Amino acid sequence: MKSRRSFLKGSVAAALLPLPALAQNQPRVLVVGGGFAGATCARELKRLMPDARVMLIEPNPTFTACPFSNGVITGLRELRAQQFNYEALGSLGIGLVYLSANKIDPQAKTVTLSDGTALPYDRLVLAPGVDFRWGSPAGYDEAASARMPHAWKAGEQTLLLRRQLEAMEDGGLVAISAPPNPMRCPTGVYERASLIAFYLKTRKPRSKLIILDAKDSFPKQRLFQAAWQQLYRGLLEWVPLSNDGKVVSVESATNTLVTDFAQHAAAVANVVPPQKAGAIAAAAGVADRTGWCPIDPVTFESPLQKNIHVIGDAAISGAMAKSAFAANAQGKACAAAIAMLLAGETPASGKLINTCYSLVAPDYGISIVGVYQPVNGQYVDVEGAGGTSPLEAPHDTRTAEANYAAAWFRTITAEVFG
Amino acid sequence: MAAASMFRLSMHRPLASPPPIREANGGEGSGVGGTCARRMQVERRKKNPPPGSLRSPPSPPFASRMVGGIAAALAIATACSFAPVANAASVPPPGAASCTGCHASGTKTQTDVPRIAGRNPAEIIAAMEAFRSGQKPATVMDRIAKGFSEAEIRAIAEWLGSQK
């Protein structure tokens, strides 16, 4: 049985064969990471520069989307509704490489794949998403996540948490550990808690849910808390940092979350660990001491490495949240900047929008919106714009926002993968 | 020689897993996709088309494109000037690229959110002004419209209007 490695060696050998005339002088842009940011960017690059050679490097041929995966955890939808592939991108002429990028040489401008092949680039886009800081809380490593799921990268972990909730007896304690910022989807923990509370209320009403939080505040907080009062009083409890909310260690053998002054033995423990940019960012030298990637907000180019752009959750994009909507908007803006740069033009300073919906119940949606522009090298909120859904609103408004949330998911996934 | 051995290797690939590298580009066999070797096979077949075959002329062979890059790398190849952006008008003005996150650019998505690509710019401008002033009821558009100036709204509306 021949390995992939020898297969690719073969293709390099073939490079030495005489070949027909090549399309000279066409830019070569590699995109690492096929999530909302990377797949969007690859598509937009190809749309703006049909003759450019655009390749998407992503080890997993199936993409599993995180937004709406809280619905999978709580039995409202199936995992397959979250899953997409890259066939449409391939048919647009984007090269698909189902391997990991292991090494980047910014001087030679090459990306080395997991099988040893080195691919050259003129411009490189990194969209690696997040990695977990394993070992934080103490004792929370990859092995522990098999017992206490994070479910913060959608897929098998999502299903594991779902099965644990389904198997739990009525009267059990569900505990969620929320990490400090910056994190992917900063409202996702509270949506998850809400939908789990909905599940418990309707299926296992004697149970309780507790959020142990390493933060004292979170986006849409007043809206969430008002809805919790209304819908889940006595069932859902949020414990902020200042009230001993921070989980400092876990004991996976006993499913226990330990804070400074308390131990919470849970029937189901969901630990969302602290995060940093995906590993390839550090390997490329574009992550700073925070573990995240500074960028020029106009071009998304790294100030640390020329010709490498970083988009999506891995980037430090100021006031913009790490969301799929933001990743999609950044992917398009970055592609436009790269197209301008490759044409020898100066990219114009842009404005970006972010819209994040959360469900506090299946028919109860709330949103937060921001409009952003670069000021002094960082995205900041445009004054007077943005904000959350109104605190007081008729139920029709909440239902409408729940419907718009679902429409948003269909629209964005169709734009990126359809 | 190398090509022949590659072909053999590709035949050994498990059917279930997709090819690790695939450079698709319109034209022939887009669904087939395929590895270098499979493409070469396709190209080889094309040289001797079956009688009565009416295929359109092949796009630049995948193998040459894929391999071309590697050859270029082996040879130094820091290219300098590139063909300009095909269509400068296709670069969206500030803010416009974000719209299609919610407002479907295609017609196939089932959504209550109105499609704005291809809409008369005057209608978009009027709606944005009404959102901004609070005259038009909204869930999120009032909060978004306030982030844009009249000139920005006009530019966005005209760009959206020009989209198919």
Side-chain angles (χ1 to χ4, degrees), chain A residues 1-2 4 6-7 10-15 17 19-20 22-23 25 27-28 48-51 53 61 90-91 93 95-99 110 118 120 122 325 328-329 332-333 336 339 342-343 350-353 355 367 369 371 382 384-387 400-401 403-404 407-408 410-412 414-415, chain B residues 2-3 5-6 9-10 12-13 18-26 30 33 36 60-61 63-74 77-79 81-86 90-92 94-95 97-98 100-102 104-106 108-113 139-140 143-144 146-148 152:
Chain A
M1 187 74 167
K2 306 282 186 176
R4 285 185 174 185
S6 55
F7 165 73
S11 67
V12 173
L17 294 175
L19 284 159
L22 306 173
N25 233 15
R28 173 176 290 271
L48 293 170
M49 302 182 292
D51 294 330
R53 289 172 290 182
S91 68
L96 303 175
V97 180
Y98 294 124
L99 292 169
T110 56
D122 297 299
F325 192 111
N328 170 259
K332 287 178 271 192
L342 288 171
K351 263 189 182 173
L352 291 176
I353 302 169
T355 303
S367 62
V369 169
V371 182
V382 173
E401 292 222 274
N403 290 336
Y404 286 143
W408 164 78
R410 288 193 298 273
T411 301
I412 199 165
E415 184 187 34
Chain B
S5 70
M6 279 166 59
L9 290 171
S10 78
H12 283 287
R13 294 183 43 69
I21 295 194
R22 190 186 103 166
E23 187 156 348
N25 194 14
S30 50
C36 291
S64 71
R65 301 173 77 244
M66 166 68 208
V67 161
I70 294 168
L74 292 176
T78 6
S81 67
F82 295 110
V85 179
S90 56
V91 175
S98 301
T100 51
C102 290
S105 45
K108 288 183 193 157
T109 309
Q110 181 219 331
T111 172
D112 294 343
V113 181
T139 51
V140 298
R143 294 175 257 159
I144 291 170
K146 290 182 182 125
F148 293 90
E152 286 170 333

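Letters go in sequence order (proteins before strands), and every chain restarts at 1. Since the model is a prediction, treat every value here as computed from it, not as a measurement.
Contacts of B:Thr111 with chain A are made by both backbone and side-chain atoms, with heavy-atom separations under 4.5 Å. For A:Ser367, the parts sitting under 4.5 Å from any heavy atom of chain B are the backbone and the side chain alike.
Between A:Ala329 and B:Ser98, the shortest heavy-atom distance links the atoms CB-OG, 3.6 Å. The minimum heavy-atom distance linking A:Asn328 with B:Gly101 is given by the pair OD1-CA, 4.0 Å. Heavy atoms only, all atoms of each residue included: B:Cys102 and A:Phe325 are closest at SG-CE1, 3.7 Å. Across every non-hydrogen atom of B:Arg143 and A:Val369, the tightest pair is NH1-CG2, 3.7 Å.
Taken from CZ in A:Arg410 to OG1 in B:Thr109, the straight-line distance is 8.5 Å, to the nearest 0.5 Å.
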* Asked: Between B:Val140 and A:Tyr404, is a side chain to side chain contact (heavy atoms under 4.5 Å, CB included) present by the stated rule, with each step listed?
  -> CA-CA 10 Å; B:Val140 298; A:Tyr404 286 143; over 6 Å; no
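In this structure, the side chain of A:Lys351 does not engage the main chain of B:Glu152 through any donor-acceptor pair within 3.5 Å.
With chain B as the partner, the residue from A:Val382, A:Asn403, A:Thr411 showing the most heavy-atom pairs under 4.5 Å is A:Thr411. Between chain B and the residues A:Gly386, A:Ala333, A:Ala407, the most heavy-atom pairs under 4.5 angstrom are made by A:Gly386.
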